[in-house]
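Read through the structure below, which is laid out as C-alpha cells, and then see the notes.
Both counts, for ligands and for their atoms, begin at 1 and track the order of listing. Residue numbers count from 1 along this sequence.
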Amino acid sequence: MKQKLEDIQQKLHEYKINSSEDLENFRLKYLSRKGLMNDLFEEFKQVPNEMKRDLGKLMNVVKTSVQAKFDEAAEKFKTDKRGNNNQNIDYTLPADLTELGSRHPLNITENQIVAIFNKLGFTMAEGPEIENDWHNFSALNFPPNHPARDMQDTFFIDEEIALRTHTSSVQVRLMQQKNPPLRAIMPGRVYRNEAISARANCFFHQIEGIYIDEKVSFADLKQTLYAFVKDMFGDDVEVRFRPSYFPFTEPSAEMDISCQICKGKGCNICKHSGWVEILGCGMIDPNVLENCGIDSEKYTGFAFGMGIERITMLKYDVKDLRTFFINDTRFLKQFSNV
Ligand code: PHE
C-alpha cells in the first residue's frame with residue numbers, strides 16, 4: 001500500500017491538466033466515489049493497527065496533494081453553465097434577460113383606490129381574515145339567528161369563528177381602538193361560500209371605508225363617493241343612489257355608475273340597463289357605534305364597501321372574474337404598462 005501511495009504521488013507530478021475535460025477526468029480518476037483515493041481509504045481499513053499511524057500520515061499527504069492539484073486546476077478551467085471559464089468569456093454574447101414581472105390588475109386597482117382616498121384624508125387599516133362572530137356579525141347589528149346573516153354565505157370554522165365575509169370587521173376593530181374623528185379605508189380579502197362563476201368567486205377583495213365625526217351627514221357620504229368615482233372613472237361617469245338595506249347602516253343605499261363598457265347604451269355586463277352597481281353604503285347605525293364604544297349622541301358617521309374585482313372588471317373590460325385568479329401570464333402581461 002505504501003508503494004501505491006508513493007506511485008500516486010509520483011504520477012501526480014507528471015499529470016497534466018490542460019482543459020476542463022482533463023480536469024473532469026482527473027476528478028473521476030482520483031477524487032470521485034469510485035476513484036483511486038476512495039479505493040485507498042477502503043483498503044486502509046484492512047491495514048493492521050500497528051501500521052496505521054505511518055500509512056495514515058502518508059495517505060493524508062497524498063490526499064492533500066491531490067486535492068491541491070485539483071483546486072489549482074479548477075481555478076483555471078472550471079466552467080459555468082454556458083461552458084465559459086474565467087479565461088474564456090465571450091463578451092459578445094447577449095446578456096441573460098431576466099423577465100420582469102408586472103403588478104396584478106387587482107393590485108393596480110387597489111393602489112389607485114387607496115391613493116384616491118388618501119387624497120381625501122383617509123388612512124388605511126387592516127385586520128385578520130379569520131374573525132370571530134362578534135367582529136364580523138354581532139357588533140354590526142346582525143343579531144344571533146337573524147336572517148340577515150344569510151345575506152352572506154359564510155365559511156364557518158366553528159360556531160364562533162369564520163372567514164370574514166366583509167372587511168366591515170376591520171371597521172369594528174378600528175372603532176373599538178380609536179376615538180373619533182375617524183377616517184379610514186380597509187382593503188382586504190374576504191370569503192363567501194358562493195358557486196364560482198364569471199361573476200362570483202368563493203373569495204374576493206374589498207375596500208370598505210368609514211368616516212365618523214361630529215355632524216357627518218349623508219351629504220358628506222355622497223360628496224366623498226362622487227369625488228371617488230370621478231377620480232377613478234373620469235368626469236363623464238354618471239352616478240345614482242338606490243335605497244337598500246344593510247343591518248349596520250340606516251339609511252342604506254347602493255351606488256350605481258353608468259356602465260363603463262357600453263357607456264350606458266346597454267350590454268351584457270350591465271344587463272342592458274346602462275347601470276352597474278359598484279358599492280353599498282349608508283349612515284352607520286347608532287347601535288353599531290354604541291356597540292363599539294362610540295357615543296352616538298355626539299358622533300355620526302358613514303360607511304361604504306366595494307369589491308375590487310368589480311371595479312377592475314369595469315375599468316379594464318374584463319369579462320370573467322375567474323381570470324384574476326388563474327394567473328395565466330398571457331392575461332397578466334396585458335397590465336405590465338398600466
Ligand atoms: N359590508 C357590505 C358588504 O360586504 C358593504 C357595505 C359596507 C355596505 C359599508 C354598507 C356600508 O356587502
I'd like to know if R192 contacts ligand 1, where contact means a heavy-atom distance under 4.0 Å to any ligand atom. yes

Taken to the nearest 0.5 Å, the spacing of E214 CD from D295 CG works out to 9.5 Å

Show, in sequence, the C-alpha distance, side-chain angles and deciding distance for R322 and E309, and conclude whether the salt bridge (charged side-chain N to carboxylate O under 4.0 Å, His left out) test is met. CA-CA 10 Å; R322 288 167 291 196; E309 280 78 357; over 6 Å; no

Between the CD atom in E254 and the SG atom in C281, the distance rounded to the nearest 0.5 Å is 8.5 Å

Q206 heavy atoms within 4.0 Å reach ligand 1 at atoms 3 (C), 4 (O)

Near S168 (heavy-atom distance under 4.0 Å), the atoms of ligand 1 are 1 (N)

The atoms of ligand 1 lying under 4.0 Å from a heavy atom of A303, numbered in the order shown, are 9 (C), 11 (C)

query: For the rings on F248 and H166, is their centre-to-centre separation under 6.0 Å?
result: yes

F241 six-ring centre to K222 NZ/CZ under 6.0 Å and within 45° of normal: yes

Here the atoms of ligand 1 under 4.0 Å from any heavy atom belonging to F248 are 1 (N), 2 (C), 6 (C), 7 (C), 8 (C), 9 (C), 10 (C), 11 (C)

Query raised in the report: Would you say M306 contacts ligand 1, with heavy atoms under 4.0 Å as the rule?
Result: no

Ligand 1 atoms nearer than 4.0 angstrom to some heavy atom of F304 are 7 (C), 9 (C), 11 (C)

for atom 2 (C) of ligand 1, nearest protein heavy atom and its distance come out as E208 OE2, 3.6 Å

Near C281 (heavy-atom distance under 4.0 Å), the atoms of ligand 1 are 8 (C), 10 (C), 11 (C)

For the ring pair Y15 and F26, is the centre-to-centre distance below 6.0 Å?
yes

Counting from 1 in the order shown, the ligand 1 atoms closer than 4.0 Å to a non-hydrogen atom of H166 are 1 (N), 4 (O)

Do the two ring centres, one from F324 and one from F204, sit under 6.0 Å apart? no

